Colleague: 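The structure under discussion is supplied below as structure tokens; questions concerning it will follow.
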Number of protein chains: 2
Amino acid sequence: MVKSLHDMESTLDRLLAVSLLLNEDATQSLAKEGLSIPRAQLLWHIHHQGPSTQRALAEAMRVSPRNITGLVDGLAAAGFVTREPHPTDRRATLVSLTERGTASMAQMTRDHQGLARLLFEQLDDFEAFAAGLTHVLNQLNEALGR
Amino acid sequence: MVKSLHDMESTLDRLLAVSLLLNEDATQSLAKEGLSIPRAQLLWHIHHQGPSTQRALAEAMRVSPRNITGLVDGLAAAGFVTREPHPTDRRATLVSLTERGTASMAQMTRDHQGLARLLFEQLDDFEAFAAGLTHVLNQLNEALGR
DNA sequence: TATTGTTATACTCTATAACTATA
DNA sequence: TATAGTTATAGAGTATAACAATA
């Protein structure tokens, strides 16, 4: 079977549509818990890496330190994180999850599993799809010089 | 081959990574032409549907009419579109592409083709990937009630 | 001197509500 | 009375630059 440019373009369109819908789905689910995508990403990082300096968060999320100040302000005001003094560097603060923050991350983990099942459980040729996705990811990473 | 929850979750992670990178790639390419994703989406709509009222643009993009005012303001100031009086309804304005706007859309079309080739030209089992993607898209559309 | 985080400022995208001109 | 678009206002996310405290 030959692969026409038209076939490739319409597949790209479907990939872009999936991308858009994943974003909408995440935005909707997170809004129910009082979170946004950037705030949830920040919590997710702390959940996996442990209490982190704002500097580390800025690098991990590839945004400016000033941006992190704003995200942490919002998350702290809503009770998802606390700022603690860094034990050895008095310039730095450690951002940690509260109980509520930890509970939200547990919920996110369950949502992630539910979404994976929804998308893939009834997919016949999962192997081939996964392999194709890996190829696409590699091509994108190369193109963006990663 | 059995499909474990772990396999499905890590494939979802790769899909989310692709989604993020596509967004970054688009943001970067568009920035070079002085455009953002929302502004390019608006131009893309006019490019395909022809001169449109702001009302129609708001519905197509699923954003508020006020939001369209801002996007059109920016695009008009940068020379991508013009506001023309509607021929029969003096309340409405028709937003049309300028030559520059048309040229940008031609470039976007070429970029789209280039990206499709980059991602899929060397992909072995393109058919299976495309089929899987269609399944994923259908599941997402259902879940979001479309 | 270099680094951490904040204050000051500004831009884009988004929304709702009130208002004007027109249908 | 309803619709098209704007003014007014607000909030989130993003950025750079200047600055204070500390390393």
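Note that this is a predicted model, so its numbers are computed, not measured. Numbered from 1 within each chain, the chains take letters A, B, ... in sequence-line order.
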Colleague: Could you please name the option among dG5(C), dT16(C), dC13(C) that lies closest to any side-chain atom of Ser64(B)?
Modeller: dT16(C)

Colleague: At under 4.0 Å, does any side-chain N or O of Thr69(A) touch on OP1 or OP2 of dT6(C)?
Modeller: yes

Colleague: Nearest of dG5(D), dG5(C), dA4(D) to any side-chain atom of Asp89(B)?
Modeller: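 The answer is dA4(D), which lies nearest to the side chain.
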
Colleague: Expressed in angstrom and rounded to an integer, what is the separation of Asp73(B) atom CG from dA4(D) atom C1'?
Modeller: 15 Å

Colleague: If you go through the side-chain atoms of Arg91(B), does one of them form a donor-acceptor pair with the base of dT3(D) closer than 3.5 Å?
Modeller: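 Looking at the base of dT3(D), it does pair with a donor or acceptor on the side chain of Arg91(B) (distance under 3.5 Å).
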
Colleague: CG of Leu57(B) versus C1' of dT3(D): gap in Å, rounded?
Modeller: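 About 16 Å, once rounded to whole Å.
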
Colleague: At less than 4.0 Å, is any side-chain N or O atom of Arg39(B) found next to OP1 or OP2 of dC13(C)? Yes or no.
Modeller: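 Arg39(B) to dC13(C) OP1/OP2: side-chain N or O found under 4.0 Å.
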
Colleague: Could you tell me whether the phosphate oxygens of dA4(D), OP1 or OP2, come under 4.0 Å of any side-chain nitrogen or oxygen in Thr53(B)?
Modeller: no

Colleague: Once you round it to whole Å, what is the distance between P of dT7(C) and CD1 of Ile68(A)?
Modeller: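 Answer to the nearest Å: 16 Å.
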
Colleague: For Asp124(A), does the CG atom have more than 12 heavy-atom neighbours from other residues, nucleotides or ligands under 6.0 Å away?
Modeller: no

Colleague: For the residue pair Phe120(B) and Phe129(B), categorise the inter-ring angle as parallel (less than 30°), tilted (30 to 60°) or perpendicular (more than 60°).
Modeller: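 Correct class here is tilted.
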
Colleague: If I take atom CG in residue Leu42(A) and atom P in nucleotide dA12(D), what distance separates them, rounded to the nearest angstrom?
Modeller: 15 Å

Colleague: Assess whether atom NE2 of His48(B) is packed by more than 12 heavy atoms of other residues, nucleotides or ligands within 6.0 Å.
Modeller: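 Check passes, neighbour count above 12.
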
Colleague: Report yes if a side-chain nitrogen or oxygen of Arg90(A) is closer than 4.0 Å to either non-bridging phosphate oxygen (OP1 or OP2) of dA20(D); otherwise report no.
Modeller: no

Colleague: Within this structure, what is the CD1-to-P distance between Ile37(B) and dT14(C), rounded to whole angstrom?
Modeller: 10 Å

Colleague: Atom CG of Asn67(A) to atom C1' of dT7(C): distance rounded to whole Å?
Modeller: 15 Å

Colleague: Looking at the side chain of Ala92(B), which of dC13(C), dA4(D), dT14(D) is the nearest nucleotide?
Modeller: dA4(D)

Colleague: Ignoring hydrogens and angles, are the base of dT7(D) and the side chain of Arg66(B) linked by a donor-acceptor pair under 3.5 Å?
Modeller: yes

Colleague: Counting only side-chain nitrogens and oxygens, does Thr93(A) get under 4.0 Å of the OP1 or OP2 atom of dG5(C)?
Modeller: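 Thr93(A) to dG5(C) OP1/OP2: side-chain N or O found under 4.0 Å.
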
Colleague: Nearest whole angstrom, please: distance from the P of dT7(D) to the CD of Gln54(B).
Modeller: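 One finds 11 Å between P of dT7(D) and CD of Gln54(B), rounded.
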
